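Each remark here refers to the structure printed beneath this line.
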There are 2 protein chains.
Amino acid sequence: MITGMSPYDPSAFLPFAVTVDLVVLTVRGHALCALAVRRGEPPFEGRWALPGGFVRGEENLAEAAARELAEETGLCVQDPGSDAPTGTAHLEQLATYGDPGRDPRMRVVSVAHLALAPDLPAPRAGGDAEGARWAPVRDLLGEDLIGGDGARRDAEPPAPLAFDHARILADGVERARSKIEYSSLATAFCPSEFTVGELRRVYEAVWGVALDPRNFHRKVTGTPGFLVPSGGTTTRQGGRPAQLFRAGGATVLNPPMLRPEI
Amino acid sequence: MITGMSPYDPSAFLPFAVTVDLVVLTVRGHALCALAVRRGEPPFEGRWALPGGFVRGEENLAEAAARELAEETGLCVQDPGSDAPTGTAHLEQLATYGDPGRDPRMRVVSVAHLALAPDLPAPRAGGDAEGARWAPVRDLLGEDLIGGDGARRDAEPPAPLAFDHARILADGVERARSKIEYSSLATAFCPSEFTVGELRRVYEAVWGVALDPRNFHRKVTGTPGFLVPSGGTTTRQGGRPAQLFRAGGATVLNPPMLRPEI
DNA sequence: ATCATAGTCGTCTGCCTGACGATAAACAGT
DNA sequence: ACTGTTTATCGTCAGGCAGACGACTATGAT
């Protein structure tokens, strides 16, 4: 910009298409899953891809991502302060991908966003017959996560995601794995009321490790502002009734929940 | 994308201008400083702004940021493996800013990057007479950093940065403050050989706090892979000669350098 | 010689962590 | 009713790391 030419020399201007792509993560069963949509047209027709779409003229990037998320899942973005009973998700910007050849048709810069959602009944196929699904991240990336139980190695031939979406997904998963260490974001994977065991299973699914229930319980209940008891109990997991909690006001965890090494 | 319209419906396509903006940080004296350029034309003529420019057709986002950085400072991006003797910097993508009104002339999406550089003699005014300068972050943001020494409160009337660059700078500074906790990035602010005291002054300048020299020395020399002794000593800081170190191979610090609370 | 400055090595105490024993409260099956 | 299984929750103990701070060392300045 400080070179000889003017910062806004028209000869330097090149039009780009700008899209938002979404890495929507949830925990289903004991697996970290991502939302994938099947492409209905070339390129990569029939392959799975991350949901996304163009940014419209009047909206900013976060609004575009929230709109796409609502279209795909019906989820609303979690506003700080509002506490909608269901259907809220955490949404944050992830990174931007703009390599010249990433879309063979035109120069597309995609601002990827990361959304964390509690387990939903089923992805809302928003009018597209091709459909959407929750797919285990392990299957989508064709890799074995650390600490995997070794089963279900033959589920689906790992057709790679379209475009550079495998890298975007990998970046989003790594962001989620890292962020639940020092923030209370893991509660975004849980319903409004949850037990310590359910929260532990979220950490185990995202990190792909087994955690000691006793130490986890001590840490998570001892971190100020992380969890507040809601009064009730539940036996939906079997065994002894467990105390129900809600997410506390803290956003950063002090001390953090450090992920075990190796 | 899964709505009724096709994912690439031309009616949804809207051309954007895509730029890269740079938050270039360095430590000069005892202050964290950022590179600022003075705008030579409207809008915001005469105001300070972050360096940046358009992404060209054949380059990706990282290449565009590296080119802008080289044009402004002469710095090369630190390749993993190559160890150029001088003039290398760390460069990473920061975030993307695309609010509709952020540039009054047209819809501009700016992919901001964060660069960390050792102290340089002077910013290279790359042909633009308006010039560039290293400005203390405190002055650019018009805020008092935590632990500031209370002096120099009257240096410059805090004319705010152009566009939304104050927010971009604030995000970059917060990223730097956070990243030197759990990565070895603080060495990017140091020359190739440095002492423990110089590294400590980097942490103190970035965080705006005072650190105990004895505990810092113990931590930093005890973290495996962080520092490797280069053999020499120096007295350039006065006092007893200090051992010289180079950055070790580690990129993540274990245990991390936790920033003191409050 | 003395002081000021900066670097380096130790010590001590408290907190956090991982490993793991023990108890409690539900359900399933006999 | 009893037993086994599952999950939750409380405790204990040893090791590691962090903050607070004392002590000593090696240089330059006065």
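The chains referred to below are lettered A, B, ... by the order of the sequence lines, with proteins before strands, and numbering in each begins at 1. Just so we're clear, the structure is a prediction, and the values are computed from it rather than from any experiment.
- If you find the closest nucleotide of DNA chain D to B/Thr235 and to B/Pro255, the one lying nearer the 5' end belongs to B/Pro255.
- Residue B/Asn215 has its side chain nearest to D/dA20 when only D/dA20, C/dG18, D/dT9 are considered.
- If you take CG of A/Asn254 and P of C/dC15, they are 15 Å apart, rounded to a whole angstrom.
- Listed for the A/Lys219 side chain is a donor-acceptor partner under 3.5 Å among the backbone atoms of A/Pro256.
- Rounding to whole angstrom units, CG of residue B/Leu244 and C1' of C/dA6 are separated by 14 Å.
- Regarding A/Leu227, its CG atom lies at a distance of 15 Å from the C1' atom of D/dA8, rounded to whole Å.
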Pairs under 3.5 angstrom, nitrogen or oxygen only, protein versus nucleotides 5-7 of chain D, please.
{"from": "D/dT7", "atom 1": "O2", "to": "A/Arg240", "atom 2": "N", "distance (Å)": "3.2"}

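- In terms of the ring pair (Phe, Tyr, Trp, His ring centres under 6.0 Å) criterion, B/Tyr182 has no residue partners (sequence neighbours excluded).
- Looking at A/Arg133, its side chain never comes within 3.5 Å of a backbone N or O of A/Ala36 through a donor-acceptor pair.
- No hydrogens or angles were tested; on distance alone, nothing pairs the side chain of B/Arg214 with the base of C/dG7 as donor and acceptor under 3.5 Å.
- Put simply, CG on B/Asp212 is 12 Å from C1' on C/dT8, counting in whole angstrom units.
- Of the residues in residues 218-226 of chain B, those with a non-hydrogen atom less than 4.0 angstrom from any atom of DNA chain C are B/Arg218.
- Put simply, CE on A/Met257 is 8 Å from P on C/dT17, counting in whole angstrom units.
- Straight-line distance from the CG atom of B/Leu199 to the C1' atom of C/dA6: 16 Å, rounded to whole Å.
- Looking at B/Asp21 and B/Tyr97, their side chains never bring a donor and an acceptor atom within 3.5 Å of each other.
- No donor-acceptor pair under 3.5 Å is formed between the side chain of B/Gln93 and the backbone N or O of B/Val111.
- Looking at B/Leu22 and B/Leu50, their side chains never come closer than 4.5 Å, going by heavy atoms from C-beta outward.
- Checking side-chain atoms of B/Asp164 against main-chain N and O of B/Arg167 turns up no donor-acceptor pair under 3.5 Å.
- Salt-bridge formation is detected for the pair B/Arg259/B/Glu174: a Lys NZ or Arg NE/NH1/NH2 atom is positioned less than 4.0 Å from an Asp or Glu carboxylate oxygen.
- When distances run from any side-chain atom of A/Val196 to the nucleotides C/dT8, D/dA20, D/dT9, the shortest one goes to D/dT9.
- Listed pair B/His217 / C/dG7 fails the phosphate criterion, with no side-chain N or O lying under 4.0 Å from OP1 or OP2.
- In this structure, B/Gln243 places its CD atom 14 Å from P of D/dA26, rounding to the nearest Å.
- In this entry the distance linking CZ of B/Arg236 with C1' of C/dT5 reads 16 Å, nearest Å.
- At distances below 3.5 Å, at least one donor-acceptor pair connects side-chain atoms of A/Thr26 with backbone N or O atoms of A/Pro118.
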